[in-house]
Structures are given as C-alpha cells and as structure tokens.
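Comments concern the structure below.
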Amino acid sequence: MSTNDQDLMQKIVSLCKRRGFVFQSSDIYGGLRSAYDYGPLGAELKRNLMSLWWRDMVHRREDVVGLDASIIMHPKVWHASGHLAGFSDPLVDCLVCKERFRADKAMETHATAEGDVLTLNLGDKGRAKTAEALIAERFGVQLERRGKDLVGAAANDRGYACPNCNSPWLSEERQFNLMFKSSVGAVDPMGAVAAAIEGGELDGLTGRDLRAKIDALTAESAVYLRPETAQAMFVQFANIQQSMAMKVPFGIAQMGKSFRNEITVEHFIFRSVEFEQMEMEFFCEPGTDDEWMDFWSNARIEWWQRYANDPERFRLRAHTPDELAHYAKGCFDVEYLYPWGWGELEGIANRTDYDLQKHAKHSGAKLEYFDPQQQKKYTPYVIEPAAGATRGVLVYLCDAYHEETVEGAKGPETRVVLKFHPKLAPIKVAVMPLVKKNGMPEKARALMERFFEKGINAKYDEQHAIGRRYRRHDEIGTPWCLTIDGQTLEDDTITIRDRDTMAQRRIGIDDAVAEIEALLRKD
RNA sequence: GCAGGAGUAACUCAGUUGGUAGAGUGUCAGCUUCCCAAGCUGAAGGUCGCGGGUUCGAGUCCCGUCUCCUGCUCCA
C-alpha cells in the first residue's frame, strides 16, 4: 500500500469515529479485536444499503422472495453442509520458526519418514544462528550450521516437517474450529465435563480420544452460529416453494449476521469475525445454470456500480480452478479497488445441486422440484450471489471520500466531502436558519415537521456560522441543505444548496418537501 | 499465528538527561454575524491503552498484556 493510500484509509477511519459512523467495539475497555459498532450515521448508511438491496433483489422481482432465518440452526445442518468438517482442520506450529500450518497440507508437500536426515533453512544467517542455539538448548540437539542452513536433524514419526523451515520440532496437531460454538440450555455443558473428570471417566485418555470423549459429553447442547446465511435457504427450500407456490427458476433472499472465527482479521471493517451478509440463492433447472450465472454476475456488478461515483473501481473476476470451493462449479467475484488493492465485495457462485442433495441425503427430506409443464422431476441447481453488507459500507465510504481545494475566508482550504448517492446518505437534508433570530428558527422548525411527516431523515441545524454548517454536512455526506434567510420572511422562498457543486438556487418553502422527494426518487 | 510500527483530550499531534500534562482543530455557552470551517469572550474535556516493576518521584526506564496499522500466513 502506498503512503497516500495508507493516509486515505487512516483519514476514513478517523472520520468514521469523529463523525459517528463506526466505533471500535467496547472502546472504553480497550477495544475487542475485530469487533466494530456502527454509530448513528453508520447505522443509517448500513440500513440504507441493505434496504436498497432488498428493494432491488426482492421487491422489484417477481421471482425472488425473502427469508429471515434463525442464526442458530440444528447442528446436523452444518454436518450436512460440510462446514463442521471443513471448518476444523488440524493445525500445527513449528517450534523453531513459529510458522503455523495445516498438517494435511504438510503431509502432501513435506512428507518425511522416521530417521530421514533433514536440512533446516531459516532464510538468513542470523536466524540460523538463533535457531541453532534454541534447538541445542531446548531439544538437546547440536546441528551443524552452514550459512543459513542447519544440517543434521532427524525426522521423527510425525510423517512431515515444517513447510517453512523443514524442522521436525513441531507442536501437537490442534483443532482450530472456525465455527463459533455455543450451547443451548441453562445448564453449562462444562459441568458434565467436570463431573466426568471427577468420576475418572477421562483417565488415561489423550489426544484425539480425549477430544472425542469431551465432544460426546457436550454434544447434546452444542450449537453453532451460522458462518453464512445460505444454509437456511436450502433447508427451507421446500417450505418456501410450496407455501409461496414458486415456480423454478426462483430465488430466496436473506440478509443478516454471520460469524466466523477467522484466524486473522484485517483492514478495519473489511474482515471481522462478526459480519453482515446479503445473500440470494437462485434455484434453476440444471442446464440453464450457466446462463443464470452470466445474468447474475452482470446484474450484481452493475448494481454496485449504480450507486458509486467511480464505476471503474469495480471489476468481475473469475475464480481459477484451484480457488474454487469444493462444492462450486464456477465462481465470479465482484471486486473493488480498495485503498490497499483489489479485494472481494461479493461472490457469485454456481453451487450446483450440492447443497440440496446433501440436505436431502442427511435429513431424508425430498428437496426436489416437479416441473408441471415438462412433467419432470429434478433437483435444482443454485446460483448464489453472496455479498458482504459490511464490506459494502466500507466500499461506499471509500468511494464517497473526496478532498477538494476551495477558496475560503482565509485563502485556499481543503473541503472534505462524502459524495454518497442520495439513497445511501445517512441524512437526506439539513434544514437551517441563516441566523438564530428574526423568526428564522421557527420557520425552519416548521419545515422540519413536514419532513418528519413524510419520513424523510432531515436534521435541524442552527449551531455556528452557516459556512461551518455547510462543511459539516459535506463531511457526513448530506446531499442538500435548505436555508431560511431574510428573504424567506418576505416571500417564502428558501435556498437549496447542492453538496457536490455547492451551488444554490431559490425554491418556494411550500415546494421544498416535494422537491427533495423528487430528487430522492432518482436512482 | 509470525515480523515490524504505533497507542497522550473527540480528532491530529508536541512533551528535553525521569521532576506540577500542552498546542491546534473540534465541542459547549454568550456576544457578533444575511451564505461557504469569519471574529470576540468564557467553559468543559486527560484512568498518558491496561497491569505490574525499578525509583523519593514514571507519559518518559524495565517486564507482561490488550488494541490498531503495515507486510506475510490463513480465509471450508
């Protein structure tokens, strides 16, 4: 990331806090890793974004219906979907270079047989020297140092060495379950574990056997927070198809929180353990899936671009075969050029009939569709556009942030403007008296009432000089400012100021609400 | 998880060899002000990330820890 881009990101983070968009979770307690709170303006922005998605994906389409499913689902759902297996790969730490890696992958790339003579490579001489001392002290083995290599280590019976430095000194394999595990019921399952320990049931058990025994003790109450919203749409496929008499092709859409214990988090709200998704599962006849994949890929990138200032910063990228998830036939990412580079915003995946088949098999339910016209029965294929709502917030913050040099009272100065699309803007219009006297505040408050009646998020503002108020609203992205001035008292006209051009024109005070409504209607 | 950097007021940052915690911006109140961060007066606001230690005395030195940033690694 260049210095400028790093600056940009810092400015956005700083503005988010200063103006009430995004705060660090539990800030006064020192913050909680990777958790963020959306402040008054951030909450509006996120809601606006998600409402737009719902309007365009559900309300404006005959063939898509909505769902709002429980975050906690039956554990069998996650066994069937493969998440419980896939989310818990055994990981190993190298005790020499501290690298953490997947045991099964190391088995493929750095397989060893017991007694093999290994050469460790630490990358540079200094590290080799440190490692030599560490190995001698901690493991009692003196290796021969040749430059950055250490020669003479013996492979153990583990079957693999560290993929980074080739060391055989490794931690035990540990499960890092990426699903958030919890338990239902008021009785803490740890009680059963404690009782088993006291009763000697765990005596003599180690490693995997011990884990399996503890899992069995807690299994009855174990539940998981969903790592994606998708599974509920598959599980409720038959209920929704029948209750709504949907004909394939059709889609089920859902927005909501998901949780993943990712190993690392990065880039502000870009990747966090708790995040919000906007997902749609589109069920279609096998054989038509490629067409629908094309359709949705294009529809989705166009949707993101429609509300952006700079459509050039969005692109569609096809996954290479080695990137594809095990269930997917194909996948396109809608990517955005974030300040740190291109990154994912939404993935459009062809999940085939993988999920419906899996759930049919595990549950015994029939998850098929009978096409009355063709008189044939089949398991639909699924095209899934899955977007990150919280990522969308970040994308539009980055897209909206502009700095301009304008002529101020004290010479050239920087104007910070968030150029949000009016539909996304947290506050739609500011209503302000030019000065706090001569009945102007009363006129302004009367106008505010009319916006309240229409449900348009308007804000009354009389603090400080008028120029400062305009700048403050520029900085939070308010598209229009309405100002009551001396002339208003004479002829009932007010000025409307445009955020982006700073241009003003006069309109009748009685036309103000209709004017703003008309401006907001535009896509 | 690894490596490096950082944490002092709401924000951006000063703070000397260890000796009473500072500025600018912002916020609030009042005055002034008829259009783009104007001016004047006054005020509030700080567990110096947190916890230990050394010291007569720690924002400053030492140890631990948390959080953020950057690069790797990871991301069924």
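Numbers restart at 1 for each chain; the letters A, B, ... are given by sequence-line order, proteins then strands. For the numbers below, each heavy atom of this structure counts, side chains included, while hydrogens, waters and symmetry mates do not.
- Each of B/rA38, B/rC28, B/rC34 was ranked by its minimum atom distance to the side chain of A/Arg468; first place goes to B/rA38.
- Using a distance-only test at 3.5 Å, with no hydrogens or angles considered, a donor-acceptor pair links the side chain of A/Asn156 to the main chain of A/Arg158.
- Base pairing annotation: B/rU47 forms no Watson-Crick or G-U wobble pair, as no partner gives both donor-acceptor distances under 3.5 Å.
- A/Phe268 comes within 4.0 angstrom of the backbone, heavy atoms only, and of no base.
- Between B/rA76 and B/rA14, the distance separating the two C1' atoms is 50 Å to the nearest Å.
- OP1 or OP2 of B/rC11 lies within a sub-4.0 Å distance of a side-chain N or O belonging to A/Lys17.
- Around NZ of A/Lys11, the count of heavy atoms belonging to other residues, nucleotides or ligands within 6.0 Å exceeds 12.
- Across B/rC69, B/rC35, B/rA37, the shortest atom-to-atom separation from the side chain of A/Gln10 is found for B/rC69.
- Taking every side-chain heavy atom of A/Arg260 into account, B/rA76 is the closest of B/rU67, B/rA76, B/rC35.
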Run the numbers on A/Asp474 and A/Arg497 for salt bridge (charged side-chain N to carboxylate O under 4.0 Å, His left out), then give the verdict. CA-CA 11 Å; A/Asp474 288 342; A/Arg497 172 191 182 270; 3.0 Å; yes
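- A donor-acceptor contact under 3.5 Å is formed by the side chain of A/Glu228 with the base of B/rA76.
- Rounded to whole Å, the C1' atom of B/rG1 lies 22 Å from the corresponding atom of B/rC63.
- For A/Met432 and B/rA37, the CE to C1' distance is 13 Å, given to the nearest whole Å.
- Residue contacts for A/Thr495: at a heavy-atom cut-off of 4.0 Å it reaches a base atom on one of the strands shown.
- With contacts defined as side-chain heavy-atom distances shorter than 4.5 Å, the pair A/Tyr470/A/Ile466 qualifies.
- Residue A/Leu8 contributes atom CG, which lies 16 Å from atom C1' of B/rU12 at whole-angstrom precision.
- Distance noted for atom C1' between B/rC13 and B/rU54: 30 Å (whole Å).
- The base of B/rC35 is paired with the side chain of A/Asp485 by a donor and an acceptor separated by under 3.5 Å.
- Within 4.0 Å of A/Gly486, counting heavy atoms only, lies at least one base atom of the nucleic acid.
- Proximity note for A/Tyr470 (side chain, C-beta onward) versus B/rC36, B/rU70, B/rC34: the nearest is B/rC36.
- Residue contacts for A/Ile494: at a heavy-atom cut-off of 4.0 Å it reaches no nucleic acid atom on any strand shown.
- With B/rA76, B/rC35, B/rG71 as the choices, the nucleotide that has an atom nearest any side-chain atom of A/His83 turns out to be B/rA76.
- Nucleotides B/rU20 and B/rA58 are separated by 12 Å at their P atoms, to the nearest Å.
- With a 3.5 Å ceiling on both atom-pair distances, the Watson-Crick or G-U wobble partner of B/rC40 is B/rG30.
- Closest to the side chain of A/Gln24, out of B/rC68, B/rC34, B/rC28, is B/rC68.
- With a 6.0 Å cutoff to the six-membered ring centre and a 45° limit on the axis angle, A/Arg391 counts as a cation-pi contact of A/Phe270.
- Between A/Arg351 atom CZ and B/rA76 atom P the separation is 12 Å, expressed in whole Å.
- In this structure, the nucleotide among B/rC28, B/rA10, B/rC69 sitting nearest to the side chain of A/His464 is B/rC28.
- The side chain of A/Arg271 has B/rC74 as its nearest neighbour among B/rC11, B/rA76, B/rC74.
- If you check every strand for non-hydrogen atoms under 4.0 Å, A/Lys437 touches sugar and phosphate atoms only.
- Checked against the 6.0 Å centroid criterion, the rings of A/Phe283 and A/Tyr381 do not qualify as a close aromatic pair.
- Between the CZ atom of A/Arg472 and the C1' atom of B/rA10 there is a distance of 14 Å, given to the nearest Å.
- When rounded to the nearest whole Å, the span between CZ of A/Phe21 and C1' of B/rC11 equals 15 Å.
- We find that CD of A/Glu404 is positioned 14 Å from P of B/rA37, with the value rounded to whole Å.
- Note: CZ (A/Arg18) to P (B/rA10) measures 14 Å, nearest angstrom.
- For B/rU33, the OP1/OP2 oxygens have no side-chain nitrogen or oxygen of A/Lys436 closer than 4.0 Å.
- Distance noted for atom P between B/rU67 and B/rG51: 16 Å (whole Å).
- Across all strands shown, the partner of B/rC68 is B/rG5, judged by Watson-Crick or G-U wobble contacts whose two distances both fall under 3.5 Å.
- Looking at A/Arg497, its side chain has no donor and acceptor atom pair within 3.5 Å of the base of B/rC35.
- Closest to the A/Ser14 side chain, of the nucleotides B/rC34, B/rA37, B/rC11, is B/rC11.
- For A/His267 and B/rC68, the shortest distance from a side-chain N or O to OP1 or OP2 is not below 4.0 Å.
- Contact annotation: the side chain of A/Arg317 never approaches that of A/Phe332 to less than 4.5 Å [non-hydrogen atoms, C-beta and beyond].
- By the 6.0 Å and 45° rule, A/Lys46 stacks over the aromatic ring of A/Tyr38.
- Distance CD (A/Glu462) to C1' (B/rC28): 13 Å, rounded to an integer number of Å.
- Note on A/Asn438: a base of the nucleic acid sits closer than 4.0 angstrom, heavy atoms only.
- Using a 30° and 60° split on the angle between ring planes, A/Tyr338 and A/Tyr336 fall in the perpendicular class, above 60°.
- Here B/rC68 is the nucleotide among B/rC34, B/rC74, B/rC68 with the atom lying nearest to any side-chain atom of A/Tyr36.
- Going from the P atom of B/rA44 to that of B/rA23 covers 13 Å, rounded to whole Å.
- The residue A/Ser25 sits apart from the nucleic acid: no heavy atom pair falls under 4.0 Å.
- Straight-line distance between the P atoms of B/rA3 and B/rG64: roughly 13 Å, to the nearest whole Å.
- Look at the P atom in both B/rC50 and B/rC11: the space between them is 14 Å, to the nearest Å.
- A close approach under 4.0 Å does occur between a side-chain nitrogen or oxygen of A/Gln463 and OP1 or OP2 of B/rC28.
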